[in-house]
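What follows is a single structure, written as structure tokens, with notes after it.
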Amino acid sequence: MPIELVSQTKVCGGLHQQFNHSAETLNCTMRFAIFLPPQASESSKVPVLYWLSGLTCTDENFMQKAGAFKRAAELGIAIVAPDTSPRGDDVADDEGYDMGKGAGFYLNATQQPWAAHYQMYDYVVDELPKLIESNFPVSSIKSISGHSMGGHGALTIGLKNPDTYRAISAFAPIGNPVNCPWGQKAFTSYLGDNQQDWLAYDASELLRKSSAAISILVDQGDADTFLAEQLKPETLIDAADSYDGSFELRMQPGYDHSYYFISSFIDDHLNFHAANLLAS
């Protein structure tokens, strides 16, 4: 699977790179970014944290704004950030920021015109990790994290694949998309009108029914303007009552939805993932 180098920069003793590649699952050219810590080599492959970004974002938002490289370099963890949706002139789009390009919701679309390209679940779970593991000095040991729409993606993908990921974390995730405007709009378009089909991509529903024991950490700012209408962390808390794994949701006083919030607590999340990724 050939990849094309777009950019590279040394940072914190490691290397940040961007690549393009032809994505079979998405039927388009995709870009991803990777941070390789200084410990990464063919004789010392490192574990990977996959980061999923939110609405309107690309691979660049987290890498440029989160301030994650220093601690990731100290811990010896690679970070991979895919784009948030398929891209290209022939890829379906929507006039709203919360649908279409930049808003793939990390699901497999079943409805036209979206189904031809919007297979982000398969891309993140299967195609991208295979590409990463075959081209870089990383192991198959991985965790997943994300923000907002990407927090939704991290929670749903991790809960649906507990044997694949060592841990899950999220910042301000869309916790109950079947009951919020962002989720209802996207799910109706991508998945159709049958709301039973939506439940497969709802973190609260998956958490409530999960028999897994994967560790989960969630941070949510209490000054987030999307808190009540879109994010609904209380549904995750209620669902976690029946969850057998470790679940912690921390409400952070005064923090909003921005990368200022993420950068304030990213080291906590990296330490959390390291405890799981580096465990024997």
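The figures here come from the full heavy-atom set of this structure, side chains too, leaving out hydrogens, waters and symmetry mates.
- Linking ILVMFWY side-chain heavy atoms closer than 4.5 Å, directly or via other members, places L206 and V124 in a single hydrophobic cluster.
- Considering only heavy atoms from C-beta on, R71 stays 4.5 Å or farther from I266 through its side chain.
- What you find for S145 and S169 is that their closest heavy atoms are OG-OG, 2.7 Å.
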Does the side chain to side chain contact (heavy atoms under 4.5 Å, CB included) test come out yes or no for F272 and E248, once each step is laid out? CA-CA 11 Å; F272 165 77; E248 182 179 12; over 6 Å; no
Could you walk me through whether D90 and H117 satisfy the side chain to side chain contact (heavy atoms under 4.5 Å, CB included) test, starting with their C-alpha distance in whole Å, then the side-chain angles of each, then the deciding distance to 0.1 Å, before giving a yes or no? CA-CA 9 Å; D90 61 339; H117 297 281; 3.9 Å; yes
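- Ring geometry, F247 versus Y243: the interplanar angle exceeds 60°, so the pair is classed perpendicular (tilted spans 30 to 60°).
- For the atom pair CZ of R208 and CG of L236, the computed distance is 9.0 Å after rounding to the nearest 0.5 Å.
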Assess whether side chain to side chain contact (heavy atoms under 4.5 Å, CB included) is satisfied between V80 and L128, documenting all intermediate values. CA-CA 9 Å; V80 171; L128 184 59; 4.0 Å; yes
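- Between the side chains of H16 and T9, no donor N or O sits under 3.5 Å from an acceptor N or O.
- The distance between the ring centers of F32 and F19 falls below 6.0 angstrom.
- S148 and G54 make their closest contact through CB-CA, 4.4 Å (heavy atoms, listed as atom of the first residue, atom of the second, distance).
- I79 places none of its side-chain heavy atoms less than 4.5 Å from the side chain of I34.
- For the residue pair L155 and A203, the shortest heavy atom distance occurs at CB-CB, 3.8 Å.
- A salt bridge is defined here as a Lys NZ or Arg NE, NH1 or NH2 lying under 4.0 Å from an Asp or Glu carboxylate O, and K130 with D126 fails to meet this definition.
- Within 6.0 Å of atom OH in Y97, more than 12 heavy atoms from other residues, nucleotides or ligands are found, so the atom counts as buried in its surroundings.
- Judged by distance alone, the side chain of Q119 and the main-chain N or O of A109 form a donor-acceptor pair under 3.5 Å.
- The backbone N or O of A200 sits less than 3.5 Å from a side-chain atom of K160, completing a donor-acceptor pair.
- Checking side-chain atoms of D202 against main-chain N and O of V178 turns up a donor-acceptor pair under 3.5 Å.
- Taking the charged nitrogens against the carboxylate oxygens, K101 and D94 have no contact shorter than 4.0 Å, which rules out a salt bridge.
- Residues F35 and L15 fall into different hydrophobic clusters, defined by Ile, Leu, Val, Met, Phe, Trp and Tyr side chains chained together at heavy-atom separations under 4.5 Å.
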Can you check side chain to side chain donor-acceptor pair (under 3.5 Å) on N271 and D268, steps first, answer last? CA-CA 5 Å; N271 292 335; D268 287 356; 4.9 Å; no
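- Judged purely by atom type and a 3.5 angstrom limit, T84 has no side-chain atom pairing as donor or acceptor with the backbone of S53.
- In this structure a side-chain-to-backbone donor-acceptor pair under 3.5 Å is present from K232 to A228.
- Legend: residues meeting ring pair (Phe, Tyr, Trp, His ring centres under 6.0 Å) with Y123, ordered by chain and number and at least two apart, are H21.
- Considering all non-hydrogen atoms of both residues, A78 and V46 come closest at CB-CG2, 3.9 Å.
- Contact between H273 and I168 at its shortest, heavy atoms only, is CE1-C, 3.9 Å.
- Side-chain contact check for L131 versus F136: every heavy-atom pair is 4.5 Å or farther apart.
- Considering only heavy atoms from C-beta on, K142 comes within 4.5 Å of T164 through its side chain.
- Put simply, the side chain of S85 never gets that close to the backbone of G104: no donor and acceptor are under 3.5 Å apart.
- Looking at heavy atoms from C-beta onward, V6 lies in side-chain contact with R31 at the 4.5 angstrom threshold.
- A heavy-atom distance below 4.5 Å is found between the side chains of L217 and H269.
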Stepwise side chain to side chain contact (heavy atoms under 4.5 Å, CB included) check, W51 with I262: CA-CA 12 Å; W51 172 269; I262 294 170; 4.3 Å; yes
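- With rounding to the nearest 0.5 Å, the separation of CD in Q220 from CD in E234 is 9.5 Å.
- For the atom pair OH (Y50) and CD1 (I157), the distance works out to 11.5 Å, reported to the nearest 0.5 Å.
- For residues 201-240, every residue pair satisfying the ring-ring contact (aromatic ring centres under 6.0 Å, His included) rule, not counting sequence neighbours, is listed here: W182-F226, F226-H257.
- Residues P86 and M120 are in side-chain contact: their nearest non-hydrogen atoms beyond the backbone lie under 4.5 Å apart.
- Y260 and F171 are members of different hydrophobic clusters when ILVMFWY side chains are connected at heavy-atom separations under 4.5 Å.
- Remark: W198 CH2 to N179 CG distance equals 9.0 Å, nearest 0.5 Å.
- Separating the CG atom in L75 from the CG atom in L277 is a distance of 9.5 Å, to the nearest 0.5 Å.
- With hydrogens and angles disregarded, a donor-acceptor distance shorter than 3.5 Å links the side chain of S143 to the backbone of A167.
- Remark: the E127 side chain and the T25 side chain contain an N/O donor-acceptor pair separated by less than 3.5 Å.
- Below 30°, between 30° and 60°, or above 60°: for F261 and Y255 the angle between ring planes is between 30° and 60°, a tilted geometry.
- Judged purely by atom type and a 3.5 angstrom limit, D224 has no side-chain atom pairing as donor or acceptor with the backbone of G221.
- Donor-acceptor pairing under 3.5 Å is recorded for the side chains of E60 and Q18.
- A heavy-atom distance below 4.5 Å is found between the side chains of S215 and N276.
- Y165 and V125 get closest at one heavy-atom pair: OH-CA, 3.9 Å.
- A centroid separation of 6.0 Å or more is found between the aromatic rings of H152 and Y106.
- Surrounding NZ of K70 are at most 12 heavy atoms belonging to other residues, nucleotides or ligands under 6.0 Å away.
- Here the OG1 atom belonging to T156 is positioned 9.0 Å from the CG atom belonging to N161, to the nearest 0.5 angstrom.
- Using modelled atom types, one finds no donor on one side chain facing an acceptor on the other under 3.5 Å when comparing Y190 with D197.
- Evaluated for a ring pair (Phe, Tyr, Trp, His ring centres under 6.0 Å) with H147, the options F62, F265, Y259 yield exactly one hit, Y259.
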